[in-house]
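Here the structure comes first, spelled out in structure tokens, and everything after it is commentary.
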Amino acid sequence: MLALFSENVKMNSVVAQIKATTVTSIQQLYGVELNIEQVLVNATKPEFEGDYTVVLFAFVKQLKKSPDALGQELGTALVADHPELFSGFNVIKGFLNLSIANTYWLDFLQSIQGKEGFGLHEPRNQTVMVEYSSPNTNKPLHLGHLRNNFLGWSIAEILKANGYKVAKTCIVNDRGIHICKSMIAWQRYGNGATPQSNGMKGDHFVGDYYVKFNDAYKAEVAELVAGGMDSALAEKEAPIMKATQAMLLDWEAGKPEVMELWRNMNGWVYNGFDATYKRIGSDFDKTYYESNTYLLGKDLVASGIEKQVFYQKEDSSVWIDLTADGLDEKLVQRKDGTSVYITQDIGLAVHKNQEFHADQSIYVVGDEQNYHFKVLKLICQKLGIPAADGIFHLSYGMVELPTGKMKSREGTVVDADDLVDAMISIAQQKTEELGKVKDFSAEELVVLYDTIGLGALKFFLLRVDPKKKMIFNPEESIDFHGFTGPFIQYTHARIKSILRKQENTEWQNSALGGDLLPLEMALAKQQEIFPSVLEEAATEHDPSKIAIYVFELAKTFNTFYNQLSIGNAETEAKKILRLQLAALTAQILKTGMSLLGIQVPERM
RNA sequence: GGACCGGUAGCUCAGCUGGAUAGAGCAGCUGCCUUCUAAGCAGCAGGCCAUUGGUUCGAAUCCAAUCCGGUUCACCA
């Protein structure tokens with residue numbers, strides 16, 4: 001039934017109707033049954049007359065017709081049989097250009113008049129888990145985490161808009177040798193300091209000790225090497241490293257004072273993370289901690305051996321042979337019986353599935369783990385774990401600086417909190433320069449700067465294809481003109497300003513009529529495709545599809561706005577039409593931006 | 001070395017399930033605020049779509065090879 005609904009949505013779009021009517025007309029004309037997928041419909045190039053174009057080459061052979069004759073016959077039939085849809089056609093070199101009837105656009109506008117949530121799909125009975133963010137509790141979030149968080153949050157919203165139930169989860173990497181490093185450093189150099197006593201955010205506070213560890217470690221290694229030790233050996237023998245390894249063992253043994261230190265320091269970090277998450281709008285339905293989940297999956301090893309998916313070597317380590325799948329042999333359990341990363345992930349996958357019974361599970365993780373997730377999915381499938389086929393790695397590229405990768409050792413990491421601060425203060429500065437919001441209260445201004453600054457940042461990170469690595473130039477900062485968040489926000493505010501000027505709201509329910517001017521039609525045409533864009537963004541797992549769409553809609557509106565008067569239109573009928581077009585534009589911009597996690601202000 | 005990802009305008013990116021003369025934004029240059037918000041609009045300029053070959057009515061898009069850049073192939077997570 002839900003699949004049916006989605007079909008209906010498709011059936012309703014102009015493009016889908018063109019395809020369907022083409023299939024029937026060809027059937028009637030030539031008695032040939034085409035598959036609907038064979039029909040290719042594109043937007044007509046601006047230099048030709050028409051709105052949508054059917055590419056005829058695909059079936060000339062099958063129909064044994066010349067493209068021109070076929071175009072003429074098909075065009076004639078389509079216009080004759082569907083006057084409510086087509087108003088005319090022309091054929092140029094194998095392309096059938098169709099003009100969509102005025103009434104189609106008017107009916108379209110009329111059909112969604114006064115309705116909220118245009119483009120959103122009916123609920124379907126499917127649950128999707130989205131795991132994102134996945135921080136380490138030894139340092140604050142940076143620019144790369146922001147891309148992760150924005151992507152994860154956005155894809156969750158996009159799925160919801162497509163009718164899925166969504167569970168957002170987060171796995172916190174809160175244990176292991178790297179966590180012990182900052183603990184050791186705090187023990188040695190902290191003198192009992194706390195974030196409160198230092199007036200710092202907890203995650204930054206702990207992150208500083210992680211840096212201190214590395215400095216001390218480097219110094220110790222250098223000293224040992226100076227004393228004549230081989231550098232590889234020095235790295236193992238450095239006292240601070242030995243102490244850290246001892247601490248990890250103590251942690252695993254549950255030694256009370258280590259546990260207490262660990263809880264304290266992690267608590268500081270969580271306070272810091274909470275503040276950042278709140279600011280950037282990330283939230284989770286469920287947070288998992290690796291300290292609780294790292295033992296999961298051990299029982300799966302035994303059953304995997306039983307199922308002969310895994311095999312055991314003489315040293316009793318356990319492996320899976322994936323060479324038949326073009327991959328390598330992969331260890332799933334060490335010879336000492338402890339499990340490895342992949343095994344924990346399999347265990348967590350099973351665990352999460354028992355909790356949420358999701359049909360799909362999306363992992364938002366950087367592309368350096370492409371291989372890991374390929375293996376994870378494959379093993380889950382071989383083990384027959386429920387919904388293994390629904391595992392999807394939403395892989396995204398690194399965010400790089402013009403100078404190359406961010407490296408904490410070289411101090412080139414762009415800190416998330418700093419960046420957000422910077423964006424907001426730029427928003428403030430630009431807003432003040434323009435001087436349009438002098439009557440805003442101090443509180444309203446704070447909200448506005450936040451909205452614009454974060455909007456610019458989120459849009460910047462979401463507007464490119466996730467799988468591509470992207471370059472961020474802190475010097476040039478993020479633009480507020482052109483293909484940017486503020487441009488869309490501005491367009492929205494502008495529309496709202498016009499609508500506010502209307503003294504009554506009758507136009508909202510008034511019937512529409514008359515011929516559409518090209519700019520009016522262009523806007524309606526653009527609006528009409530919003531539902532299919534939403535669907536595409538979900539199936540492709542790609543928020544940038546929405547960012548691009550929303551930008552193009554805003555551009556189309558701005559051209560329309562510049563050429564045509566809305567509030568003072570030539571006639572009452574035109575005024576009603578344009579107000580409705582403007583209001584729908586605002587609504588779509590708002591919905592689209594909200595799926596990117598971006599607010600749109602009423603005024604700016 | 002194997003696998004995977006990328007290479008499109010000076011810069012950042014769309015377009016990639018084959019379709020008409022390859023598109024945006026930024027930066028550069030021209031115009032447009034006494035009329036609904038100029039964070040805007042209109043225009044100019046900017047291209048051997050990494051290279052070579054193939055597939056066909058048609059290739060930025062598909063295939064092969066090559067060149068560049070990146071990731072990965074841990075008893076780390």
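Just so it is clear: chains get the letters A, B, ... in the order the sequence lines come, proteins before strands, and each one is counted from 1.
Remark: A:Arg334 is in phosphate contact with B:A77, judged by side-chain N or O atoms under 4.0 Å from OP1 or OP2. The side chain of A:Lys45 contributes an N or O atom lying less than 4.0 Å from OP1 or OP2 of B:A20. Contact annotation: A:Lys468 reaches the phosphate of B:G7 (side-chain N/O to OP1 or OP2, under 4.0 Å). Phosphate proximity of B:A38 to A:Tyr561: present, with a side-chain N or O under 4.0 Å from OP1 or OP2. Phosphate proximity of B:A77 to A:Lys181: absent, as no side-chain N or O sits under 4.0 Å from OP1 or OP2. Within the 4.0 Å cut-off from OP1 or OP2 of B:A42, at least one side-chain nitrogen or oxygen of A:Thr559 is found.
As a whole-Å value, the separation of A:Asn370 CG from B:A77 P is 20 Å. Residue A:Lys467 contributes atom NZ, which lies 12 Å from atom C1' of B:C4 at whole-angstrom precision. Taking atom CD on A:Gln38 and atom P on B:G18, their separation rounds to 13 Å, with Å as the unit. One can place CZ of A:Arg147 at 9 Å from P of B:C13, the figure rounded to the nearest angstrom. Separating the CG atom of A:Asn138 from the C1' atom of B:A77 is a distance of 11 Å, rounded to the nearest angstrom. Whole-Å rounding puts the A:Glu37 CD to B:U17 P distance at 15 Å. As rounded to whole Å, 7 Å separates atom C1' of B:A77 from atom CD of A:Glu290. A straight line from CG of A:Leu519 to P of B:C41 spans 13 Å, rounded to a whole angstrom.
At least one side-chain heavy atom of A:Leu534 sits under 4.5 Å from a side-chain heavy atom of A:Leu595. In this structure the side chain of A:Arg578 reaches within 4.5 angstrom of the side chain of A:Leu564, judged on heavy atoms.
Under a 3.5 Å cut-off, the side chain of A:Asn136 and the backbone N or O of A:Asn138 do not form any donor-acceptor pair. Put simply, the side chain of A:Asn148 gets close to the backbone of A:Val364: a donor and an acceptor are under 3.5 Å apart. No donor-acceptor pair closer than 3.5 Å links the side chain of A:Arg603 to the backbone N or O of A:Ser497.
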Shorter than 3.5 Å, N or O on both sides, protein versus nucleotides 24-29 of chain B: list them out with atom names.
unit_1, atom_1, unit_2, atom_2, d
B:G25, O2', A:Phe483, N, 3.3

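Nearest nucleotide to the side chain of A:Ile548, out of B:G70, B:A14, B:G40: B:A14. Distance from the side chain of A:Phe487 is smallest to B:G40 among B:G40, B:A20, B:U37. The listed nucleotides are B:A77, B:A20, B:C36; the one nearest the side chain of A:Ser565 is B:C36.
Using the Watson-Crick or G-U wobble rule with both distances under 3.5 Å, B:U51 pairs with B:A65. Applying the Watson-Crick and G-U wobble criteria (two distances, each under 3.5 Å), B:G1 pairs with B:C73. Across every strand in view, B:U56 sits unpaired, with no contact that passes the Watson-Crick or G-U test at under 3.5 angstrom. Base pairing annotation: B:G23 forms a Watson-Crick or G-U wobble pair with B:C13, both donor-acceptor distances under 3.5 Å. When both pairing distances are held under 3.5 Å, B:A42 makes a Watson-Crick or G-U pair with B:U30.
Residue-level contact check: A:Leu327 touches neither bases nor backbone, having no heavy atom under 4.0 Å from any strand. Looking at heavy-atom distances under 4.0 Å, A:Thr53 makes contact with a base. Counting any heavy atom pair closer than 4.0 Å across all strands shown, A:Lys313 reaches no nucleic acid atom. Here A:Ile471 lies in heavy-atom contact (under 4.0 Å) with sugar-phosphate atoms only. A:Met470 comes within 4.0 angstrom of sugar-phosphate atoms only, judged by non-hydrogen atoms across all strands, and of no base. If you check every strand for non-hydrogen atoms under 4.0 Å, A:Tyr341 touches a base. Counting non-hydrogen atoms under 4.0 angstrom, A:Leu40 reaches a base of the nucleic acid. Within 4.0 Å of A:Ile478, counting heavy atoms only, lies no atom of the nucleic acid at all. Contact annotation for A:Lys496: no contact, since no heavy-atom pair falls under 4.0 Å across all strands. Backbone-only engagement by A:Val464 is indicated by non-hydrogen atom pairs under 4.0 Å involving sugar-phosphate atoms exclusively.
Ring to ring, A:His372 and A:Tyr341 are close: their centroids are under 6.0 angstrom apart. The ring of A:Phe48 has its center no closer than 6.0 angstrom to the ring center of A:Phe95.
To the nearest whole angstrom, the two C1' atoms, one in B:G40 and one in B:U66, are 48 Å apart. If you take atom C1' in B:C49 and the same atom in B:G6, they sit 14 Å apart, rounded to whole Å. Taking atom C1' in both B:U30 and B:U21, the straight-line distance is 25 Å, to the nearest Å. A gap of 13 Å separates the C1' atoms of B:G31 and B:A38, to the nearest Å. Of the P atoms belonging to B:U17 and B:U61, the separation is 11 Å, rounded to the nearest Å. Remark: the separation of the C1' atoms in B:A65 and B:A20 is 31 Å, to the nearest Å. Atom name C1', nucleotides B:A14 and B:A9: the rounded distance is 13 Å, in whole Å. Rounded to whole Å, the C1' atom of B:C32 lies 44 Å from the corresponding atom of B:G69.
Between the base of B:C75 and the side chain of A:Asp315 there is a donor-acceptor pair shorter than 3.5 Å. Donor-acceptor pairing under 3.5 Å, judged by distance alone, is present between the side chain of A:Asn97 and the base of B:A20.
Under the stacking criterion of a centre-to-centre distance below 5.5 angstrom and an interplanar angle below 30°, A:Tyr490 is not stacked against the six-membered ring of B:G40. Here A:Phe57 does not count as stacked on B:G58, because the ring centres are not under 5.5 angstrom apart with planes under 30°.
The residue among A:His178 and A:Ile498 whose nearest nucleotide of RNA chain B is located toward the 5' end is A:Ile498. Between A:Lys335 and A:Phe480, the one whose closest nucleotide on RNA chain B sits nearer the 5' end is A:Phe480.
Annotation: cation-pi pair A:Lys430/A:Phe480 present, NZ/CZ under 6.0 Å from the ring centroid and within 45° of its normal. Relative to the six-membered ring of A:Tyr396, A:Arg147 misses at least one condition, a distance below 6.0 Å or an angle of at most 45° to the axis. In this structure, A:Arg463 fails the cation-pi test against A:Phe551, since its NZ or CZ atom is not both closer than 6.0 Å to the six-membered ring centre and inside 45 degrees of the ring normal.
Using a 4.0 Å cut-off between charged nitrogen and carboxylate oxygen, A:Glu570 and A:Lys575 do not count as a salt-bridge pair.
Between A:Ser317 and A:Trp319, the side chains place a donor N or O and an acceptor N or O closer than 3.5 Å (distance only, hydrogens not considered).
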